[in-house]
Structures are given as structure tokens and as C-alpha cells.
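Just so we're clear, the structure is a prediction, and the values are computed from it rather than from any experiment. Just so you know, ligand 1 is whichever comes first in the structure, and atom 1 is the first atom listed for that ligand.
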Amino acid sequence: MNTCQLCEQPDETGSYLCPGCTKATRVRLEGLPVLYRGLGALLTPAGGVGQGRTGKGGPAPIPVSLDVLDVRGPGGMAGLLESWVDAVRHDRGRPEPPHTGSPEGRVDRACGELLGHMPWIAVSWPEAGEFAGEIRDLARSVSSMIRPPEPDRGTRVGNCQSVDVSGAICGAVLWLPPGERVVHCGWCGMSWPPATWAQLKTWIDEDTKARDAA
Ligand SMILES: [Zn+2]
Ligand SMILES: [Zn+2]
């Protein structure tokens with residue numbers, strides 16, 4: 001039995017990629033052209049571009065970033081995918097015509113060609129793990145650019161340790177919002193100024209230990 005090069009789990013098929021990772025890689029290759037177009041939409045002026053960064057903390061409303069430009073620019077996603085296409089063509093002894101056309105078309109074609117090679121890649125290509133890992137990272141980083149940023153709740157402190165009249169611990173999750181000096185429990189209303197943090201931490205640790213033991 002050997003080990004899948006991507007998830008490093010034992011694989012009975014004797015391939016470089018297990019069936020699960022092969023499928024996941026196919027799904028990512030199918031999705032990349034769509035993600036790529038999504039990034040294009042982020043770069044299209046949509047009534048607000050040009051405001052630049054917002055002054056005070058918080059996520060910028062328009063996620064145009066250098067990352068997006070890097071992926072869409074020359075040598076970005078198209079170049080990366082094509083370098084894998086070239087490597088596969090080379091190792092399979094296939095003709096290697098140059099990649100031409102618009103970046104969108106190049107991404108489409110590279111993904112299509114790689115999908116066509118997937119059965120061979122999974123079973124016979126020693127580079128399969130590195131290839132699949134890079135496709136996974138690419139899909140992840142691009143989808144994180146497209147996903148709207150989560151509101152910044154700040155730092156998760158732990159569970160509120162205020163005790164009500166019945167002796168029950170509040171237990172709501174406490175957040176320290178960016179720039180704030182006092183942790184405020186949105187559930188029971190208790191405030192935890194910095195002077196109480198050491199004690200709060202001790203209680204949280206004891207509480208966690210008690211929960212884990214239970
Ligand atoms: Zn695997
Ligand atoms: Zn509370």
C-alpha cells in the first residue's frame with residue numbers, strides 16, 4: 001500500500017493521488033476559470049472604485065488588492081497553470097505549442113487540458129502531489145479574495161465568567177473589539193476592564209478544564 005501525495009493517507013489504488021484528492025483536484029480545476037472571472041469582476045469599476053483605503057481600521061469595502069492584480073496579471077493564474085500544462089506535455093512527450101490568447105481563454109484552456117490529463121496525473125505522474133497541492137493553494141487563495149471579508153469582531157477572549165444569582169456561569173463568548181480596552185459581554189452585560197483580565201483568564205482556564213473533564 002502506498003500513500004497519497006496530497007493528503008498523505010494510505011491509498012489502496014497505488015496511485016500518486018487517492019480517489020478523494022483526485023476528485024477534489026478535478027473540482028478545483030473546473031472551478032478555477034469561474035473564480036478567475038470573479039476576480040475580473042472585482043477589478044471592474046462598480047461605483048465606488050477610487051475611494052482608496054478607508055481611513056479607520058475595518059475591512060476595505062472594495063477588495064481590489066495587489067493580490068488580485070498579481071493573479072490576473074501576466075504570469076499570474078494563467079502562467080502558473082500553463083507551467084503545469086507544459087510540464088505534463090513534456091513528461092508525456094506531447095507537442096508543446098505556445099499559449100496564446102486572452103488571459104481568460106488561457107485559463108480556460110489550461111484548466112481544460114489539465115483536466116484531460118488528470119487520469120494520467122493521478123496514476124502515473126510523480127509530480128502529482130506537488131501539482132495538486134499548488135492547485136489547492138491557488139483555489140484557496142483566489143476564493144479568499146472573492147469571499148467578502150468577515151466583520152472584524154476582534155480578538156476572541158474566551159467564555160464570560162460572570163455568575164448569576166443562581167450560581168450559573170454566563171458562558172457567552174467574549175470578544176475584545178479592535179481598539180477597545182474593555183471586554184463587554186453582549187449577553188449578560190458584564191464588563192471586564194483590563195484590571196480583571198488576569199482573574200478572568202484564570203477562571204476561563206479552570207472552566208475549560210472542568211468542561212473538558214466533564
Ligand atoms: Zn489523498
Ligand atoms: Zn456574560
message: Looking at Arg89 and Asp86, is any side-chain nitrogen of the basic one under 4.0 Å from a carboxylate oxygen of the acidic one?
response: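 Counted as a salt bridge, because a side-chain N and a carboxylate O are separated by less than 4.0 Å.
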What side-chain donor-acceptor pairs closer than 3.5 Å can you find for residues 26-35, not counting sequence neighbours?
none

message: Looking at Asn159 and Ile204, would you say the former's side chain and the latter's main chain have a donor-acceptor pair under 3.5 Å?
response: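 Absent.
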- request: Using 2.8 Å as the cut-off, note every protein N, O or S atom close to the Zn ion (ligand 2).
  value: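 Metal shell, protein only: Cys160 SG, Cys170 SG, Cys185 SG, Cys188 SG.
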- request: Name all residues meeting the salt bridge (charged side-chain N to carboxylate O under 4.0 Å, His left out) criterion together with Arg37; count only those two or more places apart in sequence or in a different chain, and write none if there are none.
  value: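 Listed in chain order: Asp108.
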query: Once rounded to 10 degrees, what value does the angle at the Zn ion (ligand 1) take between SG (Cys4) and SG (Cys7)?
result: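 Vertex the Zn ion (ligand 1), arms to SG of Cys4 and SG of Cys7: 110°.
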field: Side-chain touch Glu130/Trp84, heavy atoms, less than 4.5 angstrom
entry: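 The answer is yes; the side chains approach within 4.5 Å.
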With a 3.5 Å cut-off and sequence neighbours excluded, list the donor-acceptor pairs that the side chains of residues 187-200 form with protein atoms.
unit_1 : atom_1 : unit_2 : atom_2 : d
Ser191 : OG     : His184 : ND1    : 3.1
Thr196 : OG1    : Pro193 : O      : 2.7
Trp197 : NE1    : Trp192 : O      : 2.8
Trp197 : NE1    : Pro193 : O      : 3.3

